[in-house]
Amino acid sequence: QAKQAGRNGLRFFDSKMQDAISARASLEADLRVALINSEFQLHYQIQVNSLGAALGAEVLIRWMHPQRGMVSPAQFIPLAEESGLILPVGEWVLKTACHQLKVWQDNALTRELTLAVNVSSKQFRQAEFVELVKKTLQSSGANPSLLKLELTESLLLENIDEIIAKMNELKLMGIHFSIDDFGTGYSSLQYIKRLPLDQLKIDQSFVRDIMDDNNDAAIVQTIIAMSDALGLNVIAEGVETREQRAFLDSHGCHTFQGYLFSKPIPLEQFEILLATKHAAGMPTER
Ligand code: C2E
Ligand code: MG
Ligand code: MG
Ligand code: MG
């Protein structure tokens, strides 16, 4: 009897595993098709200063799947990383972002806007990454100093000297670096100190409960103090309320990104948002 149940249990587990595996396989197959059929889009999320003026944007990829609808990057980026498809996907993101940067650069109203691009660890570790960035900047004509690469702490787990050497090469070209989701990973302060960084980006999980959770408030204050001590700029992501913004601002973080200002939106809408802010003398919130 027990043996029977065990066997059934095992079979049940097997078929669930099997379902998960084929769901992944089919999503991966779709991802290959998506690259060929140009099913990706970039959305832009504004980054602002204390006055609410636009400093730039972060580009966030969207997958418009013909049957599934919009697939979240949280779902397909990990799969793209495991399958290696993150390399062509990431190349497309970089190319599209640099092209946009050049367009903004050539317009008096947008010429100083920066663009932040997420770079997965696997992408950064590829041997040709520096060359790819160089070529993409050259062919687009974008100003490297307006490009910011968002890296995550997972990059710092292996071959740190190699990573630093690569960062330095890119840094020499004028590119800026931010550590995304800061505080959620494993980076040691020893490493952070050695990296040619420009910015720490406080993870939204700390910002979310900043008003109610003393620990989160303390962590945020510590990250801000650390940024100051290391001479780094600091930005908070996931800012949704005026209270959160006021707290951050009064504790020394003067750059923000979050739904309070705008969700990530398609380019056409983003440009309308910029124009509206300009016409209205930079209102702070939506
Ligand atoms: P991330 O880089 O940390 O981006 C922030 C995420 O928080 C975005 O989710 C954004 O839409 C969301 N967000 C922004 N403001 C708020 C807010 O006020 N409240 C809340 N609740 N959420 C907010 P999204 O667009 O779904 O992206 C998820 C993650 O996928 C990104 O996290 C990033 O790690 C990854 N990703 C997105 N685009 C790319 C890409 O082009 N390349 C790579 N390698 N990864 C990407
Ligand atoms: Mg990011
Ligand atoms: Mg983040
Ligand atoms: Mg995040």
Side-chain angles (χ1 to χ4, degrees), residues 42-62 70 72-74 104 109-118 146 148 150 152-153 176 178-185 197-286:
L42 291 184
H43 281 194
Y44 295 75
Q45 188 176 30
I46 198 167
Q47 298 182 334
V48 302
N49 67 13
S50 290
L51 301 171
L55 300 171
E58 175 179 5
V59 294
L60 294 151
I61 194 169
R62 299 291 179 258
M70 196 160 93
S72 145
W104 286 346
L109 295 183
T110 51
R111 74 167 19 123
E112 292 185 346
L113 294 178
T114 60
L115 207 42
V117 174
N118 293 286
L146 298 174
K148 185 156 59 192
E150 292 196 0
T152 58
E153 291 169 87
H176 291 88
S178 182
I179 296 287
D180 204 354
D181 306 335
F182 188 75
T184 61
L197 289 176
D198 299 282
Q199 184 180 67
L200 298 181
K201 192 167 197 181
I202 305 172
D203 189 64
Q204 53 184 288
S205 64
F206 302 124
V207 174
R208 189 178 307 129
D209 298 323
I210 210 174
M211 306 309 293
D212 315 307
D213 185 326
N214 290 331
N215 291 329
D216 285 337
I219 290 169
V220 166
Q221 286 174 259
T222 304
I223 296 175
I224 296 169
M226 199 175 115
S227 308
D228 281 348
L230 295 172
L232 302 175
N233 174 261
V234 64
I235 181 170
E237 71 177 358
V239 180
E240 294 186 357
T241 68
R242 291 158 174 263
E243 290 73 26
Q244 290 167 342
R245 183 190 54 181
F247 179 97
L248 289 157
D249 206 30
S250 70
H251 287 88
C253 173
H254 310 300
T255 309
F256 317 101
Q257 181 180 343
Y259 295 169
L260 178 63
F261 311 98
S262 169
K263 290 193 169 181
I265 47 182
L267 180 65
E268 312 76 63
Q269 274 172 257
F270 183 76
E271 292 190 325
I272 292 170
L273 174 70
L274 287 178
T276 319
K277 285 174 90 66
H278 221 87
M282 305 167 185
T284 317
E285 299 129 14
R286 341 170 236 164

Review point. Run the side chain to side chain contact (heavy atoms under 4.5 Å, CB included) check on Tyr259 and Gln45 step by step: do they pass?
Key: CA-CA 9 Å; Tyr259 295 169; Gln45 188 176 30; 4.0 Å; yes

Exercise for review: Apply side chain to side chain contact (heavy atoms under 4.5 Å, CB included) to Leu109 and Leu274, showing your working.
Suggested key: CA-CA 9 Å; Leu109 295 183; Leu274 287 178; over 6 Å; no

**Study point:** Verdict with supporting geometry, Tyr44 and Leu273, side chain to side chain contact (heavy atoms under 4.5 Å, CB included)
**Key:** CA-CA 11 Å; Tyr44 295 75; Leu273 174 70; over 6 Å; no

Practice item. Let me see the working for Arg245 and Phe261 under side chain to side chain contact (heavy atoms under 4.5 Å, CB included), right down to the final yes or no. Key: CA-CA 10 Å; Arg245 183 190 54 181; Phe261 311 98; 3.7 Å; yes

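With values rounded to the nearest 0.5 angstrom, Gln269 atom CD is found 7.5 Å from His43 atom NE2. To the nearest 0.5 angstrom, Asp198 atom CG is 12.5 Å from Ile235 atom CD1. Rounding to the nearest 0.5 angstrom, the gap separating the CG atom in Leu113 from the CD atom in Gln47 is 10.0 Å. With rounding to the nearest 0.5 Å, the separation of CG in Leu267 from CH2 in Trp104 is 6.5 Å. Here the straight-line distance linking atom CD1 of Ile202 with atom CZ of Phe256 works out to 9.5 Å at 0.5 Å rounding. Atom CG in Leu115 sits 13.5 Å away from atom NE2 in His176 (nearest 0.5 Å).
Between Cys253 and Ala236, the shortest heavy-atom distance links the atoms SG-N, 3.8 Å. Closest approach of Phe270 to Gly56, counting heavy atoms only: CZ-O, 4.3 Å. Leu42 approaches Ile61 most closely through the heavy-atom pair CD2-CA, 4.0 Å. Across all their heavy atoms, Glu153 and Gly183 have their closest contact at OE2-N, 3.1 Å. When all heavy atoms of Ser178 and Lys201 are compared, the pair lying nearest together is OG-CB, 3.9 Å. For the residue pair Glu150 and Ala116, the shortest heavy atom distance occurs at OE2-CB, 3.5 Å.
The closest donor-acceptor contact from the side chain of Gln204 to the backbone of Gly238 lies at 3.5 Å or more, if one exists at all. Side-chain atoms of Glu112 do not come within 3.5 Å of backbone N or O of Leu55 as any donor-acceptor pair.
When the side-chain hydrogen bond (donor to acceptor under 3.5 Å, both in side chains) test is applied to Asn233, the partners found at least two apart in sequence or on another chain are Gln199. In this structure, the side-chain hydrogen bond (donor to acceptor under 3.5 Å, both in side chains) partners of Ser205, at least two apart in sequence or on a different chain, are Asp203.
Counting only N and O atoms by type, the side chains of Gln257 and Glu237 include no donor and acceptor under 3.5 Å apart. Side-chain atoms of Asp181 and Thr152 form no donor-acceptor pair, as typed in the model, at a separation below 3.5 Å.
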Would you give me the side-chain donor-acceptor pairs under 3.5 Å for residues 210-232, sequence neighbours excluded?
from	atom 1	to	atom 2	distance (Å)
Asp213	OD1	Asn215	N	2.7
Asp213	OD1	Asp216	N	3.2
Thr222	OG1	Ala218	O	2.7
Ser227	OG	Ile223	O	2.8

